[in-house]
Amino acid sequence: MIATPRFFGGGQGPPYGAAAFAAAGAFLLYVLTLAPAPTWWDTSEYVATAHTLGIPHPPGNPLFVATGRAWSVLLAPLGLPPAVRINLLAAATSAGASFFFFLVAHRTLVQLRGRGREALVGAAAAVLVSATAFTVWSQSNTNEKVYTVSLLIAAAVSWLMLRWGDRRNDPRSARLVVAAVYLMALGATNHLMSVLPAGAALLFLLLTRPKLLAHRRFLSRCALAVVAGISFNFFLPIRAAQRPVVNEGDPRCEGAVEAAVAIYTGGAAGCPALASALKREQYRKPPVTQRMAPFGHQLLNFFQYFDWQWSRGMDPDEPPSPARLPFTLLFIALGGAGLFAVWRGDRNTGAYVAAFAVTLSVALVFYLNFRLGYSLAPEVTAERSHEVRERDYFFLLFFALWGVLSGLGLSRCWAWLGERAGGPRNASPVLAVALVPFFLNLGWANRAGDYAARDWAYGLLNSVEPYGVLFTEGDNDTFPLWYLQEVEGIRRDVTVVVVQYLFTDWYASQLRELTEPGRQRRYVPAEGLPYADRDPPAGPVVDLTDAQLAAVGDGRLPDTMRLRIGGMLVEYPKGTELRSGHRIALSIIRASAPERPVYFASRSGEMRTMGLAAWAVSEGLAVRLHMRDLDREPSAGYRRTDEGLGGEWFDYPRSRQLVDEVYSYRGLRAREIWQDYSTRHIPYSYYRLTALLGALAEAEGDTETSLRYREMSKEFLHGYLGGSKARRERAPNIAVD
């Protein structure tokens, strides 16, 4: 056999060079499939906050924000857009995890008396399976969450612990455990997912050298490591005091002492705002003893996501699939064989990996306590009974780990077959199984050319007239807008109001500050936009003091309430439940009415909840609150659809101008795969808009224009149905004729 070069592990010590080579391969894969812009959900929020050193939703993720900003600055000379730079951070951190997983896999194969070349090939197979698992891949080519940083930390901690186990007789080796403790503590300021290896690490330490826990010097160093790592949370109150535009939770503190108390007690005491952010009180999650869905269903939800990992492209539907099941069972068996191989190589390591796997699966399912799965149990239709989206990303670490174990299991099968086939070369075709996740996940994980979220935000923001107020409802009609405003500098004059945030005690006062004279950002005319320049409004969107905001509460109206805003009279009958956030929203509308046009991202949802849908006029993707009787005083360009099509008002000329001259549709028209079915309302909004414009054009006698819009609507319909490659039977009857 040809000798393996020392760089690749042919000499003494771990094969760091080969691991780096494998990590570079994973990084290249992620770069080739990288999203060129933010994608849906939290991507835009994290790009915006990393770019501006803002504070994202609780717990604030300060390590990610600071790392993302530093990374973005370092890559700036390359001329890459900020979104690409932050997406590359996900690719780099995930590839970094592959580096450590390669070392872990190689260590196991060497312990099983694998020869140099076979151990390297087996470790490469393990990394390939791990890196191309669906959730790992799809989180690594777009920074949709902060979890790839935690993945890197967890992989590094695992390697440090196993390396310590190999060198435990060296008194200096304890520093490796201290380093692992520090990484987990520091990682906790990115996300608590970084702490998940702790239980397995403690078990490994107890099995390998329990006396180390009795050494005061070691324990004191671990304690200092924890104190130093968690101290990164001081970023939150320091940055919040500087009033960044994106400052969720507003975790300001009166002083350093109360901030320290909040940080080092995990939010149990100290600075109230910081403690609330660290504990994520905003989300009001019930205790794990109060199950939000049966535990059996939650385990089924976990299996559903496991079923996606190895052959997502075999079936476009989300529930567990017979088409994917053979591959799922194959990788269950391979992962089990890999776990057995780890245990045979070193029982202490086997205990570590088994404990880590249980923590990342069954224990995490119990702790997360999800509602019914987004695409499971469709017969249950009660409000808020389901998760608002698929949550597979929470199990990113498990899928990456199981991919490594599957690769190890495949390597042992290769070795077993090689003994019976006259050598490993004769049995090498079996290694092609490691390519299965790559080929069967490629179409679903590939994000190259996907500008859909960015272009959706561009269309929605530019549907709003200068200095307009735009009420949004959730992540996907909010975070991409923040990205455009704070990163690309587009339409910063628009005040984006997240209705759900109005139920917090910090958000409304921020809106007041951001729109006060002198801080209100000016409208910048741009080529193609149908709006003339004008002076900023004289007052903020919120005219209530902090004391008045604090006094707003929930409750039923004791009497009928009539609210006049401009020429619009809204009546709320006695007994109507009017919650605090909606009351503040109505106050914002009243304060804005004289000088600021008011829009909603949808005529359903919050607009309907507040009883304002009767005054809704569609202007492209946005819905304007027309503050007068539409039946008596419609504007010249307004058209109303037939009752069979909803009887809705449209600003027909403005909508046509926006659709034809302003909007961009990259990744939205004629899409082959719409990966996230929970965001299908986005292409549906385009479908409905263009279909209704086609109906209105036909009513005007403009047949050519009508046909053009109807052809456009068919292209958007593909996205709503899951893409042109999706099954057609999943769609309800939504034709607009």
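For the numbers below, each heavy atom of this structure counts, side chains included, while hydrogens, waters and symmetry mates do not.
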- Message: So that I can tick it off, tell me whether R608 and E473 are bridged by a salt bridge, with the cut-off set at under 4.0 angstrom between side-chain N and carboxylate O.
- Response: no

- Task: Measure from the ring center of H582 to the ring center of F503 and say whether it is less than 6.0 Å.
- Result: yes

- Query: CD of E383: more than 12 outside heavy atoms within 6.0 angstrom?
  - Reply: no

- Query: Do side-chain atoms of R371 reach the backbone of H386 as a donor and acceptor pair under 3.5 angstrom?
  - Reply: no

- Give the intermediate values and the outcome of ring-ring contact (aromatic ring centres under 6.0 Å, His included) for residues F716 and Y684. CA-CA 7 Å; F716 294 124; Y684 178 77; over 10 Å; no

- Query: Passes ring-ring contact (aromatic ring centres under 6.0 Å, His included), W506 versus Y501? Steps please.
  - Reply: CA-CA 8 Å; W506 51 268; Y501 286 3; 5.6 Å; yes

- Query: When you look at Y665 and Y451, which way does the ring-ring contact (aromatic ring centres under 6.0 Å, His included) test go after all the steps?
  - Reply: CA-CA 8 Å; Y665 307 102; Y451 291 89; over 10 Å; no

- Should the pair R583-D554 be classified as a salt bridge under the 4.0 Å nitrogen-to-oxygen rule? no

- Note on the structure: Here the gap from T560 atom OG1 to E571 atom CD, rounded to the nearest 0.5 Å, amounts to 5.5 Å

- Message: Can you tell me how far apart OG1 (T43) and CZ (R454) are? Round to the nearest 0.5 Å.
- Response: 15.0 Å

- Item | More than 12 heavy atoms of other groups within 6.0 Å of Q548 CD | yes

- Query: Is any side-chain N of the basic residue among R666 and D455 closer than 4.0 Å to the acidic one's carboxylate O?
  - Reply: yes

- Will you find, in the side chains of T189 and N233, an N or O donor that is under 3.5 Å from an N or O acceptor? no

- Query: Under 3.5 Å, side chain of S385 to main-chain N/O of A382, donor-acceptor pair present?
  - Reply: yes

- Does F295 CZ have over 12 foreign heavy atoms under 6.0 Å away? yes

- If you measure only the distance, is there a donor-acceptor pair under 3.5 Å linking the side chains of Y46 and E144? no

- Nearest 0.5 Å please: distance from the CD atom of Q485 over to the OG1 atom of T495. 8.0 Å

- Item | Modelled atom types, side-chain donor and acceptor of S375 and Q304, under 3.5 Å | yes

- Message: Between T142 and R447, is the side chain to side chain donor-acceptor pair (under 3.5 Å) condition met? List the steps.
- Response: CA-CA 8 Å; T142 180; R447 297 289 185 171; 5.9 Å; no

- D676 and W41: side chain donor to acceptor below 3.5 Å: yes

- Message: Less than 4.0 angstrom from a charged side-chain N to a carboxylate O is my criterion; do R671 and D450 meet it?
- Response: yes

- Residue pair Y147 / Q139, side-chain donor-acceptor N/O under 3.5 Å: no

- Message: Any heavy-atom pair between the side chains of L612 and L625 that's under 4.5 Å?
- Response: yes

- Item | Beyond-backbone contact of Y523 with V494, side-chain heavy atoms, under 4.5 angstrom | no

- Query: Is it true that D546 and R512 make a salt bridge, defined as a side-chain N closer than 4.0 Å to a carboxylate O?
  - Reply: yes

- Y677 six-ring face occupied by R680 cation (under 6.0 Å, within 45°): yes

- Message: For the residue pair E390 / Y305, report whether a side-chain donor-acceptor contact shorter than 3.5 Å exists.
- Response: yes

- Between E619 and Y599, do the side chains contain an N or O donor and an N or O acceptor separated by less than 3.5 Å? yes

- Of R491, R654, R596, the one forming a salt bridge (charged side-chain N to carboxylate O under 4.0 Å, His left out) with E465 is R654

- Task: Could you go through the side chain to side chain contact (heavy atoms under 4.5 Å, CB included) check for W674 and Y720 one step at a time?
- Result: CA-CA 8 Å; W674 190 272; Y720 175 75; over 6 Å; no

- Regarding H51 and E486, is there a side-chain donor-to-acceptor distance under 3.5 Å anywhere? no

- Query: Which value, rounded to the nearest 0.5 Å, describes the distance between Q510 atom CD and R243 atom CZ?
  - Reply: 5.5 Å

- Message: In this structure, is the centre-to-centre distance between the rings of F302 and F395 below 6.0 Å?
- Response: yes

- Message: Testing the 3.5 Å rule here: is there a donor-acceptor pair between the side chains of E248 and Q282?
- Response: no

- Modelled atom types, side-chain donor and acceptor of Y686 and R688, under 3.5 Å: no

- Message: Check this for me, if you would: do K145 and D42 make a salt bridge, where the nitrogen-to-carboxylate-oxygen distance has to be below 4.0 angstrom?
- Response: yes

- Message: For the CG atom of L578 and the CG atom of L586, what is their distance to the nearest 0.5 Å?
- Response: 6.0 Å

- Message: I want to check a possible cation-pi pair here: R624 against F600, using under 6.0 Å from ring centre and within 45° of the ring axis as the test.
- Response: no

